[in-house]
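Note sheet for the following structure.
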There are 4 protein chains.
Amino acid sequence: MAVAGNSDGRVERSKAAVLAETYRQLTLSGLGGVSVDEVARNSGVAKTTIYRHWPSRSALLIDACSRMGGPQPAPDTGSVRTDLLALATAVAEQLWTAAWPSVLPSIIDAAERDPDIADMFAQLHQGNMAPFREVVARGRERGELRPDTVVDDVVTAVMAPLFYRRWFAKERVDDAFVHATVDHAIRSAQQT
Amino acid sequence: MAVAGNSDGRVERSKAAVLAETYRQLTLSGLGGVSVDEVARNSGVAKTTIYRHWPSRSALLIDACSRMGGPQPAPDTGSVRTDLLALATAVAEQLWTAAWPSVLPSIIDAAERDPDIADMFAQLHQGNMAPFREVVARGRERGELRPDTVVDDVVTAVMAPLFYRRWFAKERVDDAFVHATVDHAIRSAQQT
Amino acid sequence: MAVAGNSDGRVERSKAAVLAETYRQLTLSGLGGVSVDEVARNSGVAKTTIYRHWPSRSALLIDACSRMGGPQPAPDTGSVRTDLLALATAVAEQLWTAAWPSVLPSIIDAAERDPDIADMFAQLHQGNMAPFREVVARGRERGELRPDTVVDDVVTAVMAPLFYRRWFAKERVDDAFVHATVDHAIRSAQQT
Amino acid sequence: MAVAGNSDGRVERSKAAVLAETYRQLTLSGLGGVSVDEVARNSGVAKTTIYRHWPSRSALLIDACSRMGGPQPAPDTGSVRTDLLALATAVAEQLWTAAWPSVLPSIIDAAERDPDIADMFAQLHQGNMAPFREVVARGRERGELRPDTVVDDVVTAVMAPLFYRRWFAKERVDDAFVHATVDHAIRSAQQT
DNA sequence: CAGTAAACGAGACGGTACGTCCCGTCTTATG
DNA sequence: CATAAGACGGGACGTACCGTCTCGTTTACTG
């Protein structure tokens with residue numbers, strides 16, 4: 001029967017090749033720099049095939065984007081501060097060195113007008129923030145933070161300055177900045 | 001003499017019509033959604049003329065963007081907190097209601113690869129933040145903030161959460177959030 | 001196999017439509033009056049497609065021109081004079097009534113500067129003169145003309161006055177003129 | 001009064017500069033290769049001024065063309081044959097070496113559709129042929145040619161082969177060809 | 001010698017064409 | 001039935017030219 005049709009490995013191979021090339025262009029030039037023709041040329045997969053697997057350029061971009069920035073594991077040192085510091089330092093490092101952050105603005109831009117992309121980005125960001133939320137939640141349960149602490153507010157307090165510095169101020173953050181930010185965020189959730 | 005004479009108003013009229021239409025498209029679809037042909041069609045200005053005034057589509061976009069978000073006047077109530085609250089509330093309001101914030105991500109995206117656009121954006125953002133910087137500097141001089149306060153850090157502490165909520169979390173901020181953020185930022189600069 | 005398969009008739013249809021419209025414009029306004037955009041508009045074939053089949057406007061013109069003035073069959077009445085008269089009369093008729101002769105000057109003009117067009121025109125004219133050459137050659141073999149007759153000289157003697165009258169003198173030739181010209185040409189090749 | 005207004009030499013100077021540059025472009029690229037903008041650039045005369053003196057590009061071209069190929073003086077050796085030979089040899093020489101013959105096809109092409117250009121060309125050609133007509137007429141008066149000789153037919157018989165060889169056959173004519181052609185033309189007008 | 005009118009340069013303007021690149025649809029032949 | 005190959009219509013890009021226009025300056029003749 002071969003109902004699922006996965007027996008023929010071609011589909012997987014095509015999709016993989018297309019996504020790989022799409023990802024490559026994505027990191028080079030952002031969402032707007034991805035050309036279906038170019039993807040077809042460089043991946044060796046025919047344009048027809050691409051449009052068979054993804055209904056539109058947009059869908060392909062969504063698919064490729066949603067695989068970006070694989071999930072960090074949440075550290076568990078027993079201290080919110082240490083955990084958050086580890087996570088924040090890693091994110092700060094990536095924000096200025098990895099390829100994928102340069103794609104974020106174009107995704108956010110597209111999300112501004114395309115609900116599907118907005119959904120994808122929400123999920124993507126949700127995934128990326130998961131370790132932060134987990135670490136904060138654990139800290140609250142351990143009593144390090146006030147029981148009425150709103151997890152997202154703490155996460156926001158940690159992440160927002162990093163993103164801001166990456167894209168609005170152009171200055172790269174150093175360890176001191178990350179430390180101060182994390183301390184600041186925690187203190188807010190500890191104060192009476 | 002009067003060689004440079006602008007007495008022929010055609011240039012002004014053309015430029016104005018083009019910039020207006022460009023701005024319109026900009027707020028509708030971001031940087032990537034602006035088409036020179038479309039601008040020509042809707043503005044009644046010939047494509048040739050557009051290219052006579054701006055050497056490239058990019059230059060036109062830069063010009064149009066740099067006129068966005070006119071400068072807020074800096075309030076001076078005698079209290080940093082009140083001043084910052086007023087400014088932050090206004091910005092928060094605009095972030096979710098005005099047309100131009102939806103263009104920001106596309107600008108930031110373009111800036112990621114185009115140095116000219118990066119420069120324009122730096123200047124634009126500089127301009128938009130000026131009142132904040134002024135208000136904070138005044139507070140520091142009045143002794144409301146520690147003398148070693150770094151102005152930009154305070155501004156970052158106020159703005160970052162607003163931007164983060166606008167584009168990463170999709171939740172609109174309320175007055176309570178703005179208050180908390182401003183208080184938080186000020187407290188950091190007051191603590192011993 | 002059949003790799004090259006022309007089974008998809010679209011190419012043929014596109015090419016035909018484009019060439020037809022090009023020919024139409026050609027006869028109306030000469031080489032210089034053919035506009036690719038106009039051809040695209042009137043033929044219903046997209047400009048992109050036109051440039052897919054011809055690398056440049058020039059190539060399209062060359063292609064369209066080289067199909068002009070289909071080959072006359074060479075008559076064979078057994079007499080050079082009768083044969084030549086028939087051919088020359090037909091040419092004279094066409095020179096003043098058909099559409100394509102009006103294109104010749106623009107081709108000759110272009111050939112003055114563009115070697116590709118010069119080649120095309122040489123071949124085109126070669127084709128148009130073929131029946132004349134054949135008829136003269138046969139007459140020489142039959143002994144009607146001296147054995148050392150240079151075929152091209154006879155053809156020139158017949159054609160040159162017709163062309164001259166068409167474009168330099170504006171007077172249309174009549175049968176008497178054609179007769180005199182042909183007789184004259186033949187006599188030159190018969191005299192001792 | 002100063003009605004004629006020619007006292008101001010600027011008009012003459014402008015016209016001369018424009019015509020010179022036009023002529024230069026004309027011989028380089030034919031009628032179609034003349035660009036008013038380019039003429040303005042290279043002549044130092046403003047486009048406005050050009051259009052002040054000539055109502056259209058076409059008019060400028062007509063003006064420039066009509067000054068081409070200054071009038072040959074008609075030789076008078078006392079023999080039609082010698083006179084014609086001199087003239088024909090000179091023309092043959094020019095056809096392959098001078099600059100202006102390369103413009104003729106584009107003029108003829110334009111004449112095909114533009115009556116004004118047709119008139120200009122008729123007059124131009126008339127002027128160029130004048131010496132030939134004069135020489136033949138004198139020969140007829142002297143009795144060298146039959147009294148019922150049609151002048152234009154003799155001129156045609158001499159010129160047509162030269163033009164034909166220049167533009168249809170690409171082979172340059174030699175002295176022998178010119179001699180044969182002239183002899184041939186004269187003989188036709190002598191025969192009973 | 002001041003005033004006027006023509007000629008001029010500089011260049012803005014709307015419009016059409018050029019040839020290229022991309023998008024998303026389509027048609028066909030091959031595995 | 002997935003695929004490669006590629007034709008197709010459509011839209012945008014940035015450049016060149018055409019002929020019209022507006023403006024301020026120079027030049028020469030006038031009163």
Side-chain angles (χ1 to χ4, degrees), chain A residues 2 5 8-14 34-38 40 44-58, chain B residues 1-15 34-41 44-58, chain C residues 1-15 34-41 44-58, chain D residues 1-3 5-14 34-38 40 44-58:
Chain A
D8 191 344
R10 287 180 298 172
V11 176
E12 309 308 323
R13 218 175 317 145
S14 296
V34 175
S35 143
V36 177
D37 286 68
E38 189 76 2
V45 174
K47 208 162 51 144
T48 329
T49 303
I50 298 179
Y51 278 101
R52 234 192 303 269
H53 293 315
W54 294 274
S56 69
R57 177 176 172 280
S58 205
Chain B
M1 305 268 188
V3 170
N6 262 355
S7 49
D8 189 347
R10 287 179 297 172
V11 176
E12 311 308 324
R13 218 174 317 147
S14 296
K15 283 194 164 186
V34 175
S35 139
V36 178
D37 284 71
E38 188 75 3
V39 169
R41 267 194 295 275
V45 174
K47 198 161 57 141
T48 325
T49 299
I50 297 179
Y51 279 103
R52 258 187 281 259
H53 292 311
W54 294 274
S56 67
R57 176 178 172 281
S58 204
Chain C
M1 306 267 187
V3 169
N6 262 355
S7 48
D8 189 346
R10 287 179 298 172
V11 176
E12 311 308 324
R13 219 174 316 146
S14 296
K15 283 194 162 185
V34 175
S35 141
V36 178
D37 284 68
E38 189 75 4
V39 169
R41 267 194 294 276
V45 174
K47 199 163 55 143
T48 325
T49 300
I50 297 178
Y51 279 103
R52 250 177 236 130
H53 292 312
W54 295 273
S56 69
R57 176 177 171 282
S58 204
Chain D
M1 293 236 210
V3 169
N6 261 356
S7 49
D8 189 343
R10 286 181 298 172
V11 176
E12 309 309 322
R13 218 174 317 144
S14 295
V34 175
S35 144
V36 178
D37 286 68
E38 189 75 4
V45 174
K47 207 162 53 141
T48 327
T49 302
I50 298 179
Y51 278 101
R52 248 188 292 261
H53 292 314
W54 294 273
S56 69
R57 178 178 171 279
S58 205

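Within every chain, numbering begins at 1; the chains are lettered A, B, ... in the order of the sequence lines, protein sequences first and strands thereafter.
Using a 4.0 Å heavy-atom cutoff across all strands shown, R13(B) reaches no nucleic acid atom at all. Within 4.0 Å (heavy atoms only), V34(A) reaches sugar-phosphate atoms of the nucleic acid but no base atom.
For the pair H53(D) and dA7(E), the criterion of a side-chain N or O lying under 4.0 Å from OP1 or OP2 is not met. In terms of phosphate contacts, T49(B) brings no side-chain nitrogen or oxygen within less than 4.0 Å of OP1 or OP2 of dA12(E).
Remark: S14(A) pairs with V45(A), T49(A), H53(A) by the side-chain contact (heavy atoms from CB on, under 4.5 Å) rule, at least two apart or across chains. Qualifying salt bridge (Lys or Arg N to Asp or Glu O under 4.0 Å) partners for R41(B), counting only residues two or more places apart in sequence or in other chains: E38(B). For S58(D), the side-chain hydrogen bond (donor to acceptor under 3.5 Å, both in side chains) partners are D114(D), not counting sequence neighbours. R13(B) pairs by the side-chain hydrogen bond (donor to acceptor under 3.5 Å, both in side chains) definition with nothing, not counting sequence neighbours. In this view, K15(B) satisfies the salt bridge (Lys or Arg N to Asp or Glu O under 4.0 Å) rule with no residue, not counting sequence neighbours.
Nearest to the side-chain atoms of V45(A) among the listed nucleotides dA4(F), dC22(E), dG14(E) stands dA4(F). With dA5(F), dC17(F), dA10(E) as the choices, the nucleotide that has an atom nearest any side-chain atom of A46(D) turns out to be dA10(E).
Closest of all the heavy-atom pairs between A40(D) and A46(D) is CB-C, 4.3 Å.
Taking atom CD of E38(A) as the reference point, atom P of dC23(E) lies 9 Å away to the nearest angstrom. In this entry the distance linking CD1 of I50(D) with C1' of dC8(E) reads 12 Å, nearest Å.
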Polar atoms only, N or O, under 3.5 Å: list the protein pairs with nucleotides 24-27 of chain E and their distances.
| residue | atom | partner | partner atom | Å |
| --- | --- | --- | --- | --- |
| dG24(E) | OP2 | Y51(A) | OH | 2.6 |
| dG24(E) | O5' | Y51(A) | OH | 3.4 |
| dG24(E) | N7 | K47(A) | NZ | 3.0 |
| dG24(E) | O6 | K47(A) | NZ | 2.7 |
| dT27(E) | O4' | R10(C) | NH2 | 3.4 |

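Comparing R41(C) and R52(C) by the nucleotide of DNA chain E that holds the closest heavy atom to each, the one mapping nearer the 5' end is R41(C).
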